[in-house]
Every structure is written in C-alpha cells, then in structure tokens.
Amino acid sequence: MTTILRRGHLRSLSAVVVSALFAAPLYLALVNVFKPADAIRAHPLALPLSDFTTSNVVGAARLSLVQSGLKTSLIITAGTILLMVPLSAMVAYYISRWDSKAARLLMLFFLFGLMLPPQIVLIPTTVILRHLHLMFTYWGVILNFAAYYLPFGVFVFSGFLRSVSRELDEAAAIDGASSLKVFWKIIFPLMRPATASVVVVTALWTWNDFLTPLIILGAAHGVTITTGIYLAIGTYSVDYGQEFGVMFLASLPILALFLLLQRHFVSGLTGGATKG
C-alpha cells in the first residue's frame, strides 16, 4: 500500500513538473505583453500590477510588417485548409469503404508520407514549383502545405469513418444516390468532429511554419506572421515590449479557431461516436 501511494505521489509530482515546464513560456508571454520594455528587462517574471499597459499590443498592431504578415498567413492557412480537407476526406472515404488491395496500398502510401520530415521534401518541392512557375506565389505555398498535410487528414478521416455505419451508404445507394452524392450529402456532414480536428491541427502547423514560407514565398514577395516575428528582432537591439506584442497578436487567430472548434476537437481525434 505504501509503495502504491509513493508511486501516486511521484506521478503527481512528475505531472506538476511537466505542466510547469509547458506553462512557463506561456506565463512569460502573457505577463510581459502588458509591461513596458524597461519593466520586462528588470522583472521578467513579475505580474504587471503597477505598470500595466496595452501600448505593446497597440504598437505591434500598427506595424505594417504585422498587418501584412497576418494577411499573408490568413490567406495561406485558409487556402491550405480549403484545399486539403475535402481532398483528404474523399480519399479517406474511398479507403475506408472499398476493402481492396489498391485501397490498402494507398493507405500505406499515405502513412509513409506521415513519416517524412518537411525539410527533406522542401528542396525537391522548390524544383517542381519552379518548373510550374509557382515559386514566390501564394499558390506555391498552399499547394506545398496541402500536399504535405494530406496524409494526416487521410489518417484522421479514415479512422473516424470506421465508426460510421456502412448501412447509410447502402440505404442511399438503394435510393439511387451516386457515391459522390452519398459522400457530400450524408457522410461528410457526419464527419464534423474529425473535420474540426483536422482543421485545427492543420491550421496550427501551417500558421506556425517558419521555414517553408520563407523559402517558397520569399521575404521579398510576402511575409507570414512567423517570419514577421523574426524580422521584428533588430540586429543590435531588441524591443521586448514590441516583440511580445507581435507574438500575442500572432497567437490570437489560432486560439480563436481552437476555442470555436474545441467541442469537436477531442472526439474527432479519438475516432468519434458511432452514427446511424
């Protein structure tokens, strides 16, 4: 009994330590975004009680670098989701409903894509985009992200579709509906939890990516918000107040998206509930 209690206390202590490690950067960002630069340098861990200010956020919002970065990131993220989600859902529907050798091989192909780091395929991707005249364009970045995150969408959707009864497909087919109509009118609306999970995770990955937009889009043709955070750092000095303000604004859209879809997020990743 004593051994079990000790193990329980050890697990609780480990959980607290790990939670603290993850919460520390968030705490630093939140308390310092509302303090002037001098207070940040002097007391970075202190709460902004006597020197509370919103000038960091207001000043960061007025920067053209931030405004153009948010606009570019929104375009790329929205374009990636609108292209990737329907394609991955349709592929997952084919894989989960047609139990054939071709479907199993296709699933293995997409699972292999999950194991490839993005840095490995970045150079070949730039060569292909250059031949297609899509380098330094929004479409080049969107197509790259959509293709790279497609395996993740297929993996989540195919897992969720296993909990959706095939009797729905058969009943609709008896009524004369085509496979495409069955998918869009019946199956896809039931995939709302999985869709929310794919949208949130893909948006987070796309929004936070620094290297890919920097290489494919180029700083001279557009700046994403992550690239803007990097460019906002001076060569010889750093305005910490402004930097924290930029980071705060950069996190707001993804945070709002997660809060909007959080009701479906966990159920989508865990397979969803049985329908029908």
Side-chain angles (χ1 to χ4, degrees), residues 74-116 121 125 128-129 131-134 137-206 257-258 260-276:
L74 285 172
I75 293 173
I76 292 174
T77 303
T80 300
I81 291 172
L82 291 175
L83 182 61
M84 189 275 286
V85 170
L87 287 177
S88 59
M90 287 188 287
V91 173
Y93 179 67
Y94 169 78
I95 292 174
S96 62
R97 288 299 191 258
W98 278 266
D99 189 16
S100 62
K101 185 177 180 180
R104 289 192 292 270
L105 289 174
L106 187 61
M107 188 62 185
L108 287 175
F109 173 76
F110 282 110
L111 289 176
F112 178 73
L114 287 173
M115 295 181 279
L116 288 176
V121 298
T125 300
I128 295 172
L129 293 176
H131 284 294
L132 295 175
H133 304 289
L134 292 175
T137 64
Y138 287 148
W139 274 113
V141 184
I142 291 172
L143 290 174
N144 172 80
F145 280 137
Y148 183 75
Y149 297 133
L150 190 68
F152 169 75
V154 172
F155 179 75
V156 174
F157 281 128
S158 60
F160 184 85
L161 283 169
R162 294 191 186 99
S163 66
V164 179
S165 176
R166 296 193 180 193
E167 295 178 358
L168 295 173
D169 306 57
E170 296 169 357
I174 292 174
D175 290 338
S178 63
S179 298
L180 195 62
K181 189 173 183 180
V182 170
F183 174 76
W184 286 115
K185 296 292 185 180
I186 300 174
I187 303 301
F188 191 70
L190 297 178
M191 297 164 63
R192 191 178 296 120
T195 303
S197 301
V198 172
V199 167
V200 170
V201 175
T202 304
L204 178 64
W205 288 343
T206 305
L257 180 65
F258 175 76
L260 181 66
L261 302 177
Q262 64 173 333
R263 187 163 61 93
H264 302 291
F265 180 72
V266 176
S267 60
L269 288 179
T270 55
T274 302
K275 308 289 183 181

Please table the atom pairs, donor to acceptor, closer than 3.5 Å between any side-chain atom in residues 173-189 and protein atoms at least two apart or in another chain.
from: Ser178; atom 1: OG; to: Lys181; atom 2: N; distance (Å): 3.3

Show which side-chain atoms of residues 88-97 pair as donor or acceptor with protein atoms under 3.5 Å away, not counting sequence neighbours.
from: Ser88; atom 1: OG; to: Met84; atom 2: O; distance (Å): 2.9
from: Ser88; atom 1: OG; to: Val85; atom 2: O; distance (Å): 3.1
from: Tyr93; atom 1: OH; to: Asp169; atom 2: OD2; distance (Å): 2.5
from: Ser96; atom 1: OG; to: Ala92; atom 2: O; distance (Å): 3.0
from: Ser96; atom 1: OG; to: Tyr93; atom 2: O; distance (Å): 3.2
from: Arg97; atom 1: NE; to: Asp169; atom 2: OD1; distance (Å): 3.3
from: Arg97; atom 1: NE; to: Asp169; atom 2: OD2; distance (Å): 3.2
from: Arg97; atom 1: NH1; to: Leu161; atom 2: O; distance (Å): 3.3
from: Arg97; atom 1: NH2; to: Val164; atom 2: O; distance (Å): 3.2
from: Arg97; atom 1: NH2; to: Asp169; atom 2: OD1; distance (Å): 3.4

Would Leu260 and Val200 satisfy side chain to side chain contact (heavy atoms under 4.5 Å, CB included), going step by step from the backbone distance to the final call?
CA-CA 10 Å; Leu260 181 66; Val200 170; over 6 Å; no

Could you walk me through whether Leu168 and Leu190 pass the side chain to side chain contact (heavy atoms under 4.5 Å, CB included) check?
CA-CA 11 Å; Leu168 295 173; Leu190 297 178; 3.5 Å; yes

Evaluate the criterion side chain to side chain contact (heavy atoms under 4.5 Å, CB included) for residue pair Phe110 and Leu114; output intermediate values, then yes/no.
CA-CA 7 Å; Phe110 282 110; Leu114 287 173; over 6 Å; no

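Surrounding CH2 of Trp98 are more than 12 heavy atoms belonging to other residues, nucleotides or ligands, all under 6.0 Å away.
Contact record, Ile142 with Thr80: CG2-N, 3.8 Å, taken as the closest heavy-atom pair. Taking both residues in full, the closest heavy atoms of Ala146 and Leu83 are given as CB-CD2, 3.7 Å, listed atom of the first, atom of the second, then distance.
Note: Leu111 CG to Ser158 OG = 7.5 Å, rounded to the nearest 0.5 Å.
Among residues two or more places apart in sequence or in another chain, the side chain to side chain donor-acceptor pair (under 3.5 Å) test is passed with Arg166 by none.
Looking at Thr206, its side chain never comes within 3.5 Å of a backbone N or O of Ala203 through a donor-acceptor pair.
In this structure, the side chains of Trp205 and Phe152 come closer than 4.5 Å at one or more pairs of heavy atoms.
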